[in-house]
2 protein chains.
Amino acid sequence: MSHTFPTDPPSRTAAGQHWRTVATLKGIPDATVARLPVYLRALNQLGEQRIDTISSGALAEAAGVNSAQLRKDLSYLGSYGTRGVGYDVQYLRLQIGRAVGSAHDWPVIIVGLGNLGTALANYSGFYSHGFRVVGLIDTSPELVGKRIHGLAISDLSELEDVVARTGAVIAVIATPAEAAQAVADRLVYLGVTSILNFAPTVLVVPDGVNVRKVDLGQELQILAYHEQRKTDDSSQVLAESRGTSS
Amino acid sequence: MSHTFPTDPPSRTAAGQHWRTVATLKGIPDATVARLPVYLRALNQLGEQRIDTISSGALAEAAGVNSAQLRKDLSYLGSYGTRGVGYDVQYLRLQIGRAVGSAHDWPVIIVGLGNLGTALANYSGFYSHGFRVVGLIDTSPELVGKRIHGLAISDLSELEDVVARTGAVIAVIATPAEAAQAVADRLVYLGVTSILNFAPTVLVVPDGVNVRKVDLGQELQILAYHEQRKTDDSSQVLAESRGTSS
DNA sequence: GGACGTTTGTGAATGACTGCACAATCTGTT
DNA sequence: AACAGATTGTGCAGTCATTCACAAACGTCC
Ligand SMILES: NC(=O)c1ccc[n+]([C@@H]2O[C@H](COP(=O)([O-])OP(=O)(O)OC[C@H]3O[C@@H](n4cnc5c(N)ncnc54)[C@H](O)[C@@H]3O)[C@@H](O)[C@H]2O)c1
Ligand SMILES: NC(=O)c1ccc[n+]([C@@H]2O[C@H](COP(=O)([O-])OP(=O)(O)OC[C@H]3O[C@@H](n4cnc5c(N)ncnc54)[C@H](O)[C@@H]3O)[C@@H](O)[C@H]2O)c1
């Protein structure tokens, strides 16, 4: 799922001799990590409703997953439930938040402020989850200098400066696809180690850098595939012609 | 991945007695379906470069996957390669397009034209991949009547009309989270069977309806998790304290 | 036309994830 | 203090996904 393959020893100063091993030992499975934010969101909603305790069954339903899965997922974080009772909403919220890293307040840079980038920059949902937009970068002279929520858009040439000043390690790329790889290279060179990419391109990055891609077209095509299968009865005929074993 | 749990027999008129079984028989694995659009994108780029034949190795690299995986994925569609040579770019493009359903031109409705919805509506990348925005829906009196790319925004009350007229079965939800479930219910009731949801909520829909969620906050939290693990040396200490077996 | 290098398609091995089923553990009640 | 009901945490088996490794098939060159 992640595009990171930590085969080389990291250049970090970390104490561990074999990082890979440690990661595998303690590491929360990718599939679980991907679900933790969902649980967190559900817990937040529950918290606002003054619910202070919840069972795995109820929380699982709110999150749209199997309850055994929920329990197993949570068990990777520790034993934070009480048998016969359930989970304390506030406490669990805290623990998942800590595991996921929203305890910190992560500074984030957005590169490319066209349609999409601007929408993202305006999005308030960021802040409520431990992220803070601290840098806006574009190349268009028409955009540079403009302010969004009080934050001025800087030129690409000032990228180094912005990264250094804000200490951001997470960046969002919302430039046209052609520019994305160059931007990513530059970001990585400046020390950014996590990239959320909205441009429809496969980014190539060194080990140790995490990339996640959000691709609207891709999502729609996946939906279209299922849509097509619903109507297409001929898919069953095709099934016969191929030797589908077992 | 999909939030659809086809436990009950679908209320559809489809011929198959056990949909689940049929799907499993011929069905292309979910993981593969999710990658097909990536291959398609890579092929499109290659096609523009006048490359007419490509090996699994080269295409796999462009798509960022293992070459064996690419071949296996493609083998679900049929045997479209030539041993010793590779794949014909145009032909393969056609075949994947057909499988994924971009051969049709899918009409799509967007509900909620705030920051994000407007950006989506303006996005031209839609059209180039077999999707056509045919309906825009919002509740805000300030937005209703406004035009985006020549298409007028309709009020929510006209939703039925719009769906019926356009025959759309795919919809994008970009409303605030609070409104999302109600909108989804309404859409489903009107015959929409695929939803791309940008609101940070788990949508509950009947069997047979496909939902895909795009959640920015979630993506960032996943990045933050990995970020945290990179720096956090204490994670190793924590690893010890928990009884991590074997 | 046969030998050679290349590349596909796929069986089989390995690995990751999911869901079931149940013992362990808790609260409240009699 | 023992019991009943509820709910967690987890071993295990089944399912799904990835990767390896190689025979089968192709084009080319001599
Ligand atoms: N708009 C959408 O709804 C949408 C949806 C899905 C994907 N996308 C993708 O997201 C990306 C952005 O989409 P958009 O609609 O906002 O496009 P856009 O053209 O409106 O915006 C792109 C912005 O990036 C800036 N830019 C170009 N090169 C740059 C560089 N090297 N460094 C910094 N900034 C640079 C441009 O000046 C422009 O402001 C595209 O790759 C698009 O395919 C957009
Ligand atoms: N803006 C972003 O970058 C961003 C990023 C990630 C997720 N999101 C999510 O996407 C959704 C939309 O975000 P946004 O920034 O565009 O919000 P927004 O407030 O700008 O837009 C919401 C729009 O939905 C309309 N609306 C409200 N109720 C409606 C209903 N019942 N039917 C139809 N339309 C309705 C509103 O009139 C408004 O125009 C939110 O759920 C948000 O959390 C946004």
Side-chain angles (χ1 to χ4, degrees), chain A residues 1-3 5 7 20-21 23-25 27-36 38-39 51-61 63-89 91-92 95 241-246, chain B residues 1-7 20-21 23-36 38-39 51-61 63-89 91-92 95 242-246:
Chain A
M1 197 145 289
S2 136
H3 285 252
F5 304 101
T7 44
R20 176 60 178 279
T21 311
T24 312
L25 273 181
I28 300 174
D30 281 353
T32 295
V33 172
R35 279 187 297 267
L36 289 179
V38 180
Y39 304 154
I51 294 168
D52 51 354
T53 281
I54 190 165
S55 72
S56 63
L59 184 52
E61 194 184 339
V65 302
N66 178 293
S67 74
Q69 179 148 263
L70 175 84
R71 288 198 298 278
K72 181 152 291 189
D73 283 344
L74 293 184
S75 79
Y76 288 113
L77 310 185
S79 286
Y80 298 138
T82 311
R83 292 168 187 223
V85 178
Y87 299 89
D88 180 280
V89 172
Y91 185 62
L92 186 57
Q95 292 303 332
S241 71
R242 290 188 55 247
T244 352
S245 64
S246 87
Chain B
M1 198 143 289
S2 136
H3 285 250
T4 314
F5 304 102
T7 44
R20 178 60 179 277
T21 311
T24 312
L25 271 181
K26 133 91 190 173
I28 300 174
D30 281 352
T32 295
V33 171
R35 279 187 297 266
L36 290 179
V38 181
Y39 304 154
I51 294 169
D52 51 354
T53 281
I54 191 168
S55 71
S56 63
L59 184 52
E61 193 184 339
V65 302
N66 179 296
S67 75
Q69 177 147 260
L70 175 85
R71 288 197 299 278
K72 180 149 285 187
D73 283 345
L74 293 184
S75 79
Y76 289 113
L77 311 185
S79 286
Y80 297 138
T82 313
R83 293 170 188 224
V85 178
Y87 299 89
D88 181 281
V89 171
Y91 186 63
L92 186 57
Q95 292 302 332
R242 289 187 55 243
T244 354
S245 65
S246 89

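Order of the sequence lines sets the chain letters (A, B, ...), proteins ahead of strands, with each chain counted from 1.
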In whole angstroms, how far is the P atom of dG9(D) from the CG atom of L70(A)? 10 Å
Side chain of Y87(A) only, heavy atoms from C-beta on: which candidate in dC17(C), dT19(D), dG9(D) is closest? dG9(D)
I54(A) atom CD1 is separated from dA6(D) atom P, nearest whole Å, by 17 Å
Find the distance L92(A):CG to dT7(D):P and express it as a whole number of Å. 16 Å
Can you tell which of S55(B), S56(B), S75(B) makes a side chain to side chain contact (heavy atoms under 4.5 Å, CB included) with L70(B)? S56(B)
Under a 3.5 Å cutoff, is there a donor and acceptor pairing between the side chains of D88(A) and T53(A)? no
Counting side-chain heavy atoms from C-beta on, which of dC20(D), dG27(D), dT8(C) comes nearest to S55(B)? dT8(C)
Take the protein atom CD of E61(A) and the nucleotide atom P of dG19(C), then report the distance between them rounded to whole Å. 15 Å
Round to a whole Å and report the spacing from CD of Q69(A) to P of dC20(C). 11 Å
Considering just the side-chain nitrogens and oxygens of N66(B), establish if one lies under 4.0 Å of OP1 or OP2 belonging to dA17(D). no
Under 6.0 Å from the CD atom of Q69(A), do we count more than 12 heavy atoms belonging to anything else shown? yes
To the nearest Å, give me how far apart OH (Y91(B)) and C1' (dT8(C)) are. 15 Å
When you measure from the side chain of R71(B), which nucleotide among dT8(D), dT7(C), dT10(C) comes out closest? dT10(C)
Minimum-distance nucleotide (side-chain atoms of A68(A) versus dA21(C), dT18(D), dC17(C)): dA21(C)
Distance test, side-chain N/O of S56(A) to OP1/OP2 of dT8(D), below 4.0 Å: yes
Separation of dT10(C) P from L74(B) CG (nearest whole Å): 11 Å
With a 3.5 Å cut-off and just heavy-atom distances, do the side chain of K72(B) and the base of dG9(C) make a donor-acceptor pair? no
Length of the CG-C1' vector between D52(B) and dG27(D), whole Å: 15 Å
DNA chain C nearest-nucleotide lookup for R83(A) and D73(B): closer to the 5′ end is D73(B)
Are L74(A) and Y39(A) close enough that some pair of their side-chain heavy atoms sits under 4.5 Å apart? yes
4.5 Å side-chain heavy-atom contact, V89(B) and L59(B): no
